[in-house]
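To start, the structure under review is shown below, and the notes come after it.
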Amino acid sequence: SIEFPEEQLSYFGITLHIPFLSGCVALQKREKGAKMMQMHFFFSDKVVLLFDFWNVQTPAGMVLSVLVVLLLAMLYEAIKIGKAKLLRQTIMAIPTTLSQESLSEPETGSVNSNLGQQNTTPKRWFLYHISQTLVHVAQVVIGYLVMLVVMSYNTWIFLGVIVGSALGYYLAYPVFAAR
């Protein structure tokens with residue numbers, strides 16, 4: 001059995017006793033080949049992204065990885081803007097209730113003005129709601145993947161995410177925002 005001395009850290013008059021942590025650090029220092037994760041941005045063409053099989057070792061692999069991450073960030077922006085358009089369509093599909101109809105004032109000379117709202121049914125609204133939920137799940141999954149990629153602290157990957165986000169917004173906004 002290996003025993004480790006208990007470390008004490010004191011900050012602003014608060015003393016912390018950390019026996020377990022000091023033991024873990026000592027064991028980690030003893031392991032040969034143990035590599036600490038970078039906790040600052042660095043330029044390198046060697047990085048592991050998201051999964052063990054996405055292990056970049058060459059400059060060509062880094063270029064390809066940056067391109068994939070750029071496209072992933074563009075997809076995230078497109079989904080975000082598409083979700084806003086879908087929300088607008090969902091709001092238009094909400095069926096009017098009896099109380100809403102009695103409060104609204106009929107327009108003069110417009111017999112067919114409410115015809116578009118009469119064709120909307122609760123089933124149509126439910127389908128919009130289901131599609132909104134699925135788009136939201138896709139947005140969350142891709143968003144977390146992009147966040148985890150950035151947490152590799154590789155500067156090239158980070159720049160790929162920034163450029164992809166900017167390009168995605170620039171290209172997707174006019175397409176989805178147009179009526």
Side-chain angles (χ1 to χ4, degrees), residues 1-12 14-90 128-178:
S1 168
I2 300 173
E3 292 194 25
F4 299 101
E6 185 174 293
E7 280 192 34
Q8 291 183 356
L9 300 174
S10 183
Y11 298 103
F12 304 108
I14 300 171
T15 302
L16 303 172
H17 301 279
I18 312 173
F20 178 74
L21 185 59
S22 63
C24 290
V25 170
L27 283 176
Q28 192 174 25
K29 287 179 182 176
R30 289 183 184 182
E31 289 181 12
K32 290 185 179 181
K35 187 175 179 182
M36 295 293 292
M37 183 179 148
Q38 299 282 346
M39 295 306 287
H40 54 83
F41 282 99
F42 63 97
F43 286 94
S44 175
D45 61 350
K46 294 173 181 32
V47 69
V48 176
L49 297 173
L50 297 178
F51 306 102
D52 286 338
F53 62 83
W54 195 351
N55 190 355
V56 181
Q57 296 293 325
T58 63
M62 180 56 73
V63 169
L64 183 62
S65 295
V66 168
L67 184 63
V68 168
V69 167
L70 185 137
L71 292 173
L72 198 62
M74 287 178 69
L75 178 64
Y76 176 79
E77 289 297 326
I79 288 174
K80 186 172 72 170
I81 293 170
K83 183 179 165 187
K85 185 171 184 178
L86 185 61
L87 175 64
R88 192 173 6 172
Q89 291 175 346
T90 303
Y128 274 123
H129 184 62
I130 292 295
S131 60
Q132 256 190 316
T133 303
L134 294 175
V135 169
H136 176 73
V137 168
Q139 180 188 6
V140 167
V141 168
I142 291 173
Y144 277 118
L145 289 176
V146 169
M147 178 201 62
L148 288 172
V149 163
V150 168
M151 288 179 61
S152 71
Y153 291 105
N154 186 295
T155 307
W156 298 119
I157 298 297
F158 177 71
L159 292 174
V161 169
I162 297 301
V163 170
S165 182
L167 277 175
Y169 184 83
Y170 180 78
L171 296 174
Y173 185 76
V175 170
F176 286 115

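Values reported hereafter were calculated over all heavy atoms of this structure, with side chains retained and with hydrogens, waters and symmetry mates removed. Because the structure is a prediction, the values reported are computed rather than measured.
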* Structure fact -> Sequence neighbours excluded, the answer for salt bridge (charged side-chain N to carboxylate O under 4.0 Å, His left out) partners of K83 is none
* Structure fact -> To the nearest 0.5 Å, atom CG of L72 lies from atom CG of L50 at 8.0 Å
* To do: Please list all pairs passing the salt bridge (Lys or Arg N to Asp or Glu O under 4.0 Å) test where one or both residues lie in residues 62-78, with sequence neighbours left out.
  => E77-K80
* Asked: Who are the side chain to side chain contact (heavy atoms under 4.5 Å, CB included) partners of L87, not counting sequence neighbours?
  -> I91, Q132
* State whether the number of non-hydrogen atoms from other residues, nucleotides or ligands found under 6.0 Å of F42 atom CZ is greater than 12. => yes
* Asked: Where is the tightest heavy-atom contact between A172 and A78, given as atom of each residue plus distance?
  -> CB-CA, 3.8 Å
Only pairs under 3.5 Å count here: list side-chain donor-acceptor contacts from residues 157-164, not counting sequence neighbours, and write none if there are none.
none

* **Within-4.5 Å side-chain heavy-atom neighbours: S152 and V48** => no
* To do: Can you establish whether the number of heavy atoms outside Y144 located under 6.0 Å from its atom OH is more than 12?
  => no
Report all side-chain donor-acceptor pairs from residues 53-71 shorter than 3.5 Å, counting only partners two or more places apart or in another chain.
residue: W54; atom: NE1; partner: S65; partner atom: OG; Å: 2.9
residue: N55; atom: OD1; partner: Q57; partner atom: NE2; Å: 2.7
residue: T58; atom: OG1; partner: G61; partner atom: N; Å: 3.0
residue: S65; atom: OG; partner: G61; partner atom: O; Å: 2.9

* Go through the structure and list residues passing side chain to side chain contact (heavy atoms under 4.5 Å, CB included) with I79, not counting sequence neighbours. => L75, V135, A138, Q139, I142
* Hey, what do you get for CE (M147) to OH (Y76), rounding to the nearest 0.5 Å? -> 11.0 Å
* Report yes or no: does N154 contribute a side-chain atom to a donor-acceptor pair with the main-chain N or O of S44 at less than 3.5 Å? => yes
